[in-house]
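A, B, ... follow the sequence lines: proteins, then strands. Residue 1 opens every chain.
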There are 2 protein chains.
Amino acid sequence: MNISRASDYAIRGLVYMAKQPAGTVCYVKDIAKNTNSPASFMSKIFQTLAKSGIIDSFIGTKGGFTFNARPEDITIKKVVEIIDGPIVLNRCVVNKSSCQNAGNCDVHFMWADIQKMLTKALSSYSIADFATDKKGNMLPEAVQ
Amino acid sequence: MNISRASDYAIRGLVYMAKQPAGTVCYVKDIAKNTNSPASFMSKIFQTLAKSGIIDSFIGTKGGFTFNARPEDITIKKVVEIIDGPIVLNRCVVNKSSCQNAGNCDVHFMWADIQKMLTKALSSYSIADFATDKKGNMLPEAVQ
DNA sequence: CTAAATAAGATATGAATTATCTTTATTATT
DNA sequence: AATAATAAAGATAATTCATATCTTATTTAG
């Protein structure tokens with residue numbers, strides 16, 4: 001019942017990117033350093049984000065990553081789903097055949113309701129929300 | 001971002017128990033059969049539930065499990081936490097030192113808020129809720 | 001006292017998460 | 001044009017956790 005380290009790193013990395021001047025090409029090395037995360041792992045994560053289309057990637061010297069979608073359009077739900085896959089609290093919510101009562105019991109309805117609430121909450125936040133506000137800073141002032 | 005199979009089995013097993021006449025000693029074999037779950041795995045799960053104190057266990061012939069707490073006092077949150085451990089959406093919510101900004105950023109507040117909402121929801125359901133209602137039946141009528 | 005039934009506890013397997021290492025592509029420099 | 005440097009892409013590895021199964025201990029009935 002938690003998001004993965006990878007999703008956490010992805011969100012932090014994207015927030016870091018969003019705080020740079022629009023159009024800046026960002027390197028994994030810098031993103032990792034500024035978010036205090038392992039660079040090689042971050043590299044794989046940003047590879048996945050690039051494949052999803054929300055960011056663009058450029059290989060070679062002076063390569064790096066830029067936004068392809070607007071930070072305000074990238075919801076936390078979207079990021080989590082790109083990295084961790086679909087949000088499914090219990091498998092009966094998405095696969096009725098895995099439910100002995102064909103998804104027609106109160107337990108099923110509970111999970112479906114809670115999942116709906118959760119995804120709604122995650123959809124209500126975007127990367128931009130954390131990049132614009134002072135409190136969105138991911139590192140103490142001393143480090144920045 | 002999901003509950004484990006073990007938690008799902010635990011909930012279903014406890015609901016099955018709650019549907020039996022009060023005080024009935026239930027065997028893992030029956031619980032597993034009636035909830036369509038692997039008996040040996042269910043055995044381990046009920047061992048954990050017994051250790052937590054919400055059920056009692058009796059070894060040997062005519063042994064088995066009975067409730068130690070009232071089904072209406074056993075919340076879904078409690079069951080999930082016994083089996084899967086504490087609900088922590090992101091580690092910064094519970095361990096501020098894992099947050100680069102000492103848990104003082106908007107991202108942290110988001111996770112803390114969503115987690116609060118989630119645990120509140122899980123606390124609002126009890127095992128009894130699914131045992132009394134007809135729709136709470138975990139198996140189609142044909143199988144019962 | 002023996003056998004059967006039952007939970008408890010130890011061990012095993014497999015998948016997912018969390019990484020690291022190697023390769024490929026691009027650019028800048030000479 | 002060749003070479004070196006830089007950066008992402010892709011392949012591989014290690015670790016952890018979920019999901020079980022197998023063996024042992026305990027109790028009761030006959």
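Considering only the side chain of B/K51, C/dG9 comes nearest among C/dG9, D/dT26, C/dT24. Distance from the side chain of A/T61 is smallest for C/dA28 among the nucleotides C/dA28, C/dA7, D/dT28. Checking C/dA7, C/dG9, D/dA9 against every side-chain atom of B/Q47, the shortest atom distance belongs to C/dG9.
Rounded to whole angstrom, the span from the CD1 atom of B/I59 across to the P atom of D/dT28 amounts to 10 Å. Computed from coordinates, the B/K62 NZ to D/dT27 P distance equals 17 Å when rounded to whole Å. Put simply, CD1 on A/I83 is 16 Å from P on C/dA16, counting in whole angstrom units. To the nearest angstrom, P of C/dT17 lies 15 Å from CG of B/N90. Residue B/K29 contributes atom NZ, which lies 14 Å from atom P of C/dA4 at whole-angstrom precision. One can place CZ of B/R91 at 11 Å from C1' of C/dT18, the figure rounded to the nearest angstrom. Spacing between atom CD1 of B/I45 and atom P of C/dA8 amounts to 13 Å, rounded to whole angstrom units.
With respect to A/K116 and A/D113, no salt bridge is recorded, no charged nitrogen being found less than 4.0 Å from a carboxylate O.
Using modelled atom types, no side-chain atom of A/S43 and backbone atom of A/A39 make a donor-acceptor pair closer than 3.5 Å. Distance alone, capped at 3.5 Å, is enough to place a donor-acceptor pair between the A/D84 side chain and the A/S4 backbone. Judged purely by atom type and a 3.5 angstrom limit, A/Q115 uses its side chain to pair as donor or acceptor with the backbone of A/L89. Formation of a donor-acceptor pair under 3.5 Å by the A/S126 side chain with backbone atoms of A/A128 is found in this model. When atom types are taken as modelled, the side chain of B/N68 and the backbone of B/D56 share no donor-acceptor pair closer than 3.5 angstrom.
Within the 4.0 angstrom heavy-atom criterion, no nucleotide atom of any strand lies near B/F46.
Taking the six-membered ring where tryptophan is involved, the planes of A/Y9 and A/F41 are perpendicular, since the angle between them exceeds 60° and thus also 30°.
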Inset, instruction - Summarise protein proximity over nucleotides 12-24 of chain D in one line of letters, 5' to 3': B for base, S for sugar-phosphate only, - for none, counting protein heavy atoms closer than 4.0 Å. - result: -------SBB---

